[in-house]
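Have a look at the structure below, then the notes.
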Amino acid sequence: TMSIGEIERLTRRFTSEISMFIGPDQDIPAPDVNTNPQIMSWIMDTYSHLKGKATPGVVTGKPIEIGGSKGRVEATGRGVFYVTRELASKEGFDLAKVAVAIQGFGNVGMNAARIFAQHGVKVVAVSDVYGGLYDKKGLDLEDVIRWSKEHGGSIAAYPEADHIATDKFVEVPCDILIPAAMENEITQKNAGQIKAKYIIEGANGPTSNEADAILEKRGIMVVPDILANAGGVTVSYFEWVQDIQSYFWSEKEINAKLQEIITRSFHEIYDIHKKDKVDMRLAAFMLGLRRLGAAVRLRGVYP
């Protein structure tokens with residue numbers, strides 16, 4: 001309900017208040033729900049005025065014209081696709097023969113849906129906060145995106161598909177479910193009704209602890225957010241590196257570096273999952289803690 005001017009004044013004042021806690025060598029904000037590249041621009045501009053010099057590295061997710069990175073907008077969705085493609089190779093299924101459902105049609109969900117479709121994957125369902133769409137033959141994603149832009153940004157009333165209630169979306173018939181909206185969308189109340197064989201967490205914390213236990217018992221593999229959702233923060237790191245160096249890479253280079261990191265991380269986690277017979281989330285934590293433990297020992301912080 002706020003005007004653009006009100007949002008700008010709020011953002012600039014908020015930036016002034018937290019300016020002692022953020023910085024290119026401290027804590028670096030990036031856009032998420034209800035924020036966007038324009039808000040990052042205002043944060044960067046306000047911080048730069050306070051410091052007396054241009055400081056593009058204080059935030060990531062900025063417009064390209066003021067130090068943003070190519071590929072940043074699509075990065076989280078692209079990372080979701082890379083993870084899913086590696087999962088298919090390890091689990092032995094053909095991505096071209098599965099049905100994918102994506103909950104959420106914001107930055108992550110919409111870009112993931114588009115990238116999956118571009119690679120010949122059948123996206124049978126998508127949703128936003130107002131409702132979902134389903135077509136077992138596969139949705140025409142470009143038409144859905146075009147229609148949403150022409151009708152206020154929502155896809156809920158799109159006429160060329162069946163409609164699904166938002167609270168029932170995760171139960172849609174599919175092989176791969178990608179929750180890419182808000183946290184705690186998969187809970188103990190609906191985990192027993194999920195029909196997907198695999199869940200790729202495109203959102204932050206979309207699955208509750210109780211739901212995790214139910215899904216594991218049912219044999220549904222969950223690829224955790226710490227891996228599947230990491231594309232955005234990885235390219236945010238690339239943006240920071242480019243800002244610090246004042247040297248910018250092509251989108252092709254960025255996507256290749258992102259693919260390398262996501263792919264390597266997936267295989268490291270998957271190998272632990274298989275070797276130690278643990279779920280993928282625990283395998284990811286084990287990998288991280290082993291690295292942390294090695295660093296602590298090498299530094300001699302603890303005996």
Side-chain angles (χ1 to χ4, degrees), residues 1-8 10-11 30-42 61-65 68 70-81 84 99-174 176-186 190 196 200-204 206 229 231-232:
T1 59
M2 295 172 67
S3 70
I4 294 297
E6 288 171 330
I7 296 171
E8 179 177 358
L10 181 149
T11 301
D32 207 307
V33 178
N34 293 325
T35 58
N36 56 34
Q38 177 60 75
I39 289 175
M40 297 304 107
S41 300
W42 292 328
K62 304 179 296 297
I64 290 173
E65 293 85 349
K70 293 179 179 179
R72 175 62 183 85
V73 171
E74 304 85 2
T76 309
R78 193 174 299 280
V80 169
F81 171 74
T84 309
V100 174
I102 301 176
Q103 180 192 42
F105 211 64
N107 176 59
V108 180
M110 183 178 69
N111 282 300
R114 174 182 275 156
I115 293 165
F116 273 93
Q118 288 171 349
H119 286 84
V121 182
K122 183 169 66 174
V123 179
V124 297
V126 294
S127 74
D128 63 17
V129 67
Y130 301 106
L133 307 174
Y134 175 74
D135 185 341
K136 67 179 181 180
K137 296 179 181 178
L139 294 162
D140 182 341
L141 269 305
E142 291 303 326
D143 192 55
V144 173
I145 293 168
R146 176 197 59 77
W147 193 92
S148 70
K149 290 178 179 178
E150 294 174 357
H151 294 81
S154 176
I155 62 171
Y158 178 72
E160 303 298 325
D162 295 330
H163 292 193
I164 310 169
T166 302
D167 60 351
K168 294 294 183 181
F169 185 83
V170 298
E171 302 171 23
V172 70
C174 63
I176 297 173
L177 173 64
I178 301 173
M182 302 295 286
E183 64 183 13
N184 288 326
E185 291 290 344
I186 301 174
N190 57 26
I200 315 294
E201 293 186 332
N204 292 314
N229 177 261

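Side chains are part of it too, since the values below use all heavy atoms of this structure and drop only hydrogens, waters and symmetry mates.
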Expected output: side-chain Asn36 to main-chain Ile39 donor-acceptor under 3.5 Å: yes
Between the CG atom in Asp140 and the CD atom in Glu160, the distance rounded to the nearest 0.5 Å is 9.5 Å
For residues Ile186 and Leu177, determine if any side-chain heavy atom of one lies less than 4.5 Å from a side-chain heavy atom of the other. yes
I need the full list of side-chain hydrogen bond (donor to acceptor under 3.5 Å, both in side chains) pairs touching residues 107-116, with sequence neighbours left out, sorted by first then second residue. Asn107-Asn111, Arg114-Glu142
Here the pair of heavy atoms bringing Val33 nearest to Met182 is CG2-SD, 4.0 Å
Pairs touching residues 117-137 that satisfy ring pair (Phe, Tyr, Trp, His ring centres under 6.0 Å), sequence neighbours left out: Phe81-His119
What do the steps show when you test Val121 against Thr84 for side-chain contact (heavy atoms from CB on, under 4.5 Å), and what is the final call? CA-CA 11 Å; Val121 182; Thr84 309; over 6 Å; no
Nearest heavy atoms of Ala181 and Gly104, plus distance in Å: CB-CA, 4.0 Å
Using atom types as modelled and distance alone, determine if a side-chain donor or acceptor of Glu171 lies under 3.5 Å from a backbone N or O of Lys168. no
Here the gap from Glu185 atom CD to Asp167 atom CG, rounded to the nearest 0.5 Å, amounts to 10.0 Å
So, the side chain of Asp128 versus the backbone of Ile155: is there a donor-acceptor pair under 3.5 Å, distance only? yes
Distance from Met2 atom CE to Leu10 atom CG, nearest 0.5 Å? 4.5 Å
Distance col, row Gln38:CD vs Glu8:CD, nearest 0.5 angstrom, shows 7.0 Å
State, with a plain yes or no, whether a side-chain heavy atom of Leu133 is found less than 4.5 Å away from one of His163. yes
Calculate, to the nearest 0.5 Å, the distance between atoms CH2 and CD1 belonging to Trp42 and Ile7 respectively. 6.5 Å
Where is the tightest heavy-atom contact between Ser41 and Pro63, given as atom of each residue plus distance? OG-CD, 3.0 Å
Just by modelled atom types, is the Phe169 backbone N or O under 3.5 Å from a matching donor or acceptor in the Asn190 side chain? no
Within the side chain of Ser127, is there an N or O that forms a donor-acceptor pair under 3.5 Å with the backbone of Gly132? no
Please report the interatomic distance CD1(Ile164) to CD(Gln103), rounded to the nearest 0.5 Å. 10.5 Å
Is the closest side-chain heavy-atom distance between Val124 and Val172 below 4.5 Å? no
Mind checking whether Val80 and Ile102 have side chains closer than 4.5 Å, heavy atoms only? no
Testing the basics here: between Gly131 and Ala156, what is the closest heavy-atom pair and its distance to 0.1 Å? N-CB, 3.9 Å
Do Met40 and Thr35 come close enough that some side-chain heavy atom pair is under 4.5 Å? yes
Please give me the minimum heavy-atom distance between Thr1 and Glu6, naming the atom from each residue. O-OE1, 4.4 Å
Would you sort out whether Glu201 and Asn229 count as a side-chain contact (heavy atoms from CB on, under 4.5 Å), showing the intermediate values? CA-CA 7 Å; Glu201 293 186 332; Asn229 177 261; over 6 Å; no
Between Leu141 and Ala113, what is the shortest heavy-atom contact and its length? CD1-CB, 3.6 Å
